[in-house]
Amino acid sequence: MSRGHCILSHGFESGPDATKVTALAEVAERLGWTHERPDYTDLDALREVSSVGDVRARLQRLVERAGVAAAKGPVVLAGSSLGAYISAIASLQVPTRGLFLMVPPTRMGPMPALDAARVPTSVVHAWHDELIPAADVIAWAQARSARLLLVDDGHRLNNHVDASAQAFEALLATLP
């Protein structure tokens with residue numbers, strides 16, 4: 001029997017087979033959680049909507065999937081960059097057991113500032129993120145008393161995929 005369901009959202013111009021969400025899927029499966037990795041590449045390609053595609057449609061796709069999953073049991077939302085942003089915002093609309101956010105943008109153009117349900121939250125961010133200042137993410141995490149892992153890396157967290165997977169495992173292990 002599954003402990004719950006994890007929805008793992010990839011970053012902008014990435015895909016459902018991306019390294020980080022694949023590593024998270026392996027952790028979820030090993031710990032007895034079902035999981036899915038939605039594909040947002042069609043929405044990311046909509047540059048006529050914004051420079052980062054159709055963020056509102058991306059969010060809506062996640063909310064719909066999370067709503068279906070939440071009707072069946074506990075849901076954990078996780079994502080990287082734009083995937084982290086929509087995971088956090090979606091948690092305000094769908095019952096969510098936990099959040100795992102990698103390099104989350106604290107602002108997203110005309111969209112609301114980063115906000116999330118008051119649930120157990122873990123954040124992995126890079127000291128040298130060239131897109132999202134570490135200070136902004138530190139302040140956001142501090143205001144929520146979220147777990148925060150800061151690593152010596154850039155936005156893609158290329159050198160910290162394993163550390164990110166371990167942090168995700170630690171979050172899942174704490175959830176009832």
Side-chain angles (χ1 to χ4, degrees), residues 2-12 14 16 18-38 59 62-63 65-66 69-70 73-108 113-129 131-176:
S2 170
R3 293 187 55 207
H5 189 67
C6 297
I7 303 179
L8 313 168
S9 294
H10 65 80
F12 177 66
S14 185
T19 305
K20 289 186 295 280
V21 292
T22 298
L24 300 186
E26 291 168 0
V27 167
E29 192 162 315
R30 185 166 34 81
L31 296 180
W33 292 75
T34 59
H35 56 84
E36 65 182 296
R37 295 178 271 172
L59 173 61
L62 176 57
V63 166
R65 291 181 102 139
V75 171
V76 171
L77 299 177
S80 178
S81 192
L82 182 52
Y85 175 83
I86 64 167
S87 294
I89 300 296
S91 76
L92 296 167
Q93 300 175 45
V94 177
T96 304
R97 182 69 52 94
L99 279 171
F100 186 74
L101 311 175
M102 295 176 287
V103 294
T106 56
R107 292 177 209 85
M108 185 55 59
L114 186 65
D115 195 6
R118 296 288 176 169
V119 298
T121 301
S122 290
V123 179
V124 178
H125 200 71
W127 280 114
H128 309 291
D129 190 316
L131 301 176
I132 303 157
D136 293 353
V137 175
I138 292 167
W140 187 87
Q142 181 179 18
R144 312 180 68 74
S145 300
R147 285 185 189 177
L148 176 62
L149 173 62
L150 290 162
V151 296
D152 183 12
D153 211 335
H155 184 71
R156 299 185 69 80
L157 296 174
N158 288 331
N159 299 319
H160 290 86
V161 173
D162 289 341
S164 297
Q166 289 168 8
F168 184 57
E169 182 172 358
L171 173 68
L172 292 181
T174 67
L175 299 176

**Asked** Does T34 reach the main-chain N or O of G4 with its side chain, forming a donor-acceptor pair under 3.5 Å?
**Response** yes
**Asked** Quick one: does D153's side chain have a donor or acceptor within less than 3.5 Å of a partner on N159's backbone?
**Response** yes
**Message:** Just so I know, are the side chains of F100 and S122 near enough to count as touching, which here means a heavy-atom distance under 4.5 Å?
**Reply:** yes
**Fill in**
Closest heavy-atom pair, A113 versus Y85, reported as atoms and distance to 0.1 Å, is C-CE1, 4.5 Å
**Message:** Any side-chain to backbone donor/acceptor pair from W140 onto T106? Under 3.5 Å, distance only.
**Reply:** no
**Request:** Measure the shortest side-chain to side-chain distance between P105 and L131 over non-hydrogen atoms and say whether it is less than 4.5 angstrom.
**Result:** no
**Message:** Tell me whether R65 at atom CZ has more than 12 heavy atoms from other residues, nucleotides or ligands lying less than 6.0 Å away.
**Reply:** yes
**Complete:** Rounded to the nearest 0.5 Å, the CG atom of L148 sits from the OG1 atom of T121 at a distance of 11.5 Å
**Message:** Exactly one of K20, H155, H10 should register a side-chain hydrogen bond (donor to acceptor under 3.5 Å, both in side chains) with S81. Which one does?
**Reply:** H155
**Item:** Backbone of P176 reached by a side-chain donor or acceptor of R97 within 3.5 Å
**Value:** yes
**Message:** I want to check something: taking the side chain as every heavy atom from C-beta on, are L24 and M102 in contact at a cut-off of under 4.5 Å?
**Reply:** yes
**Request:** Check for a donor-acceptor pair, side chain of S91 on one end and backbone N or O of A117 on the other, with a separation under 3.5 Å.
**Result:** yes
**Request:** Determine whether L77 and S9 make a side-chain contact, defined as any pair of heavy atoms from C-beta on separated by less than 4.5 Å.
**Result:** no
**Request:** Would you confirm whether R147, through its side chain, and A167, through its main-chain N or O, come within 3.5 Å as a donor-acceptor pair?
**Result:** no
**Pairwise side-chain contact, V21 with S14, heavy-atom cut-off 4.5 Å (strictly under)** = no
**Message:** Whether the side chain of H35 engages the backbone of V27 through a donor-acceptor N/O pair (distance < 3.5 Å, no angle test) should be reported.
**Reply:** no
**Asked** When you look at R37 and T22, which way does the side-chain hydrogen bond (donor to acceptor under 3.5 Å, both in side chains) test go after all the steps?
**Response** CA-CA 8 Å; R37 295 178 271 172; T22 298; 2.7 Å; yes
**Request:** Nearest 0.5 Å please: distance from the CG atom of L8 over to the OG atom of S80.
**Result:** 11.0 Å
**Distance (rounded to the nearest 0.5 Å) between D136 CG and L114 CG** = 10.5 Å
**Prompt:** Between Q166 and L149, is any pair of side-chain heavy atoms under 4.5 Å apart?
**Reply:** no
**Message:** Is the shortest side-chain heavy-atom distance between V75 and V94 below 4.5 Å?
**Reply:** no
**Request:** Would you name the heavy atoms of L31 and R3 that are closest together and state the gap between them?
**Result:** O-CD, 3.3 Å
**Complete:** Minimal heavy-atom distance between P74 and W33, with the atoms involved, is O-CZ3, 4.3 Å
**Minimal non-hydrogen separation, A116 against L92, with atom names** = C-CD2, 3.4 Å
**Request:** Using atom types as modelled and distance alone, determine if a side-chain donor or acceptor of R144 lies under 3.5 Å from a backbone N or O of V119.
**Result:** no
**Prompt:** Do you know which two heavy atoms are closest between I86 and L59, and how far apart they sit?
**Reply:** O-CD1, 3.5 Å
**Message:** Using every non-hydrogen atom in the two residues, find where L157 and S164 come nearest and quote the distance to one decimal.
**Reply:** CD1-OG, 4.0 Å
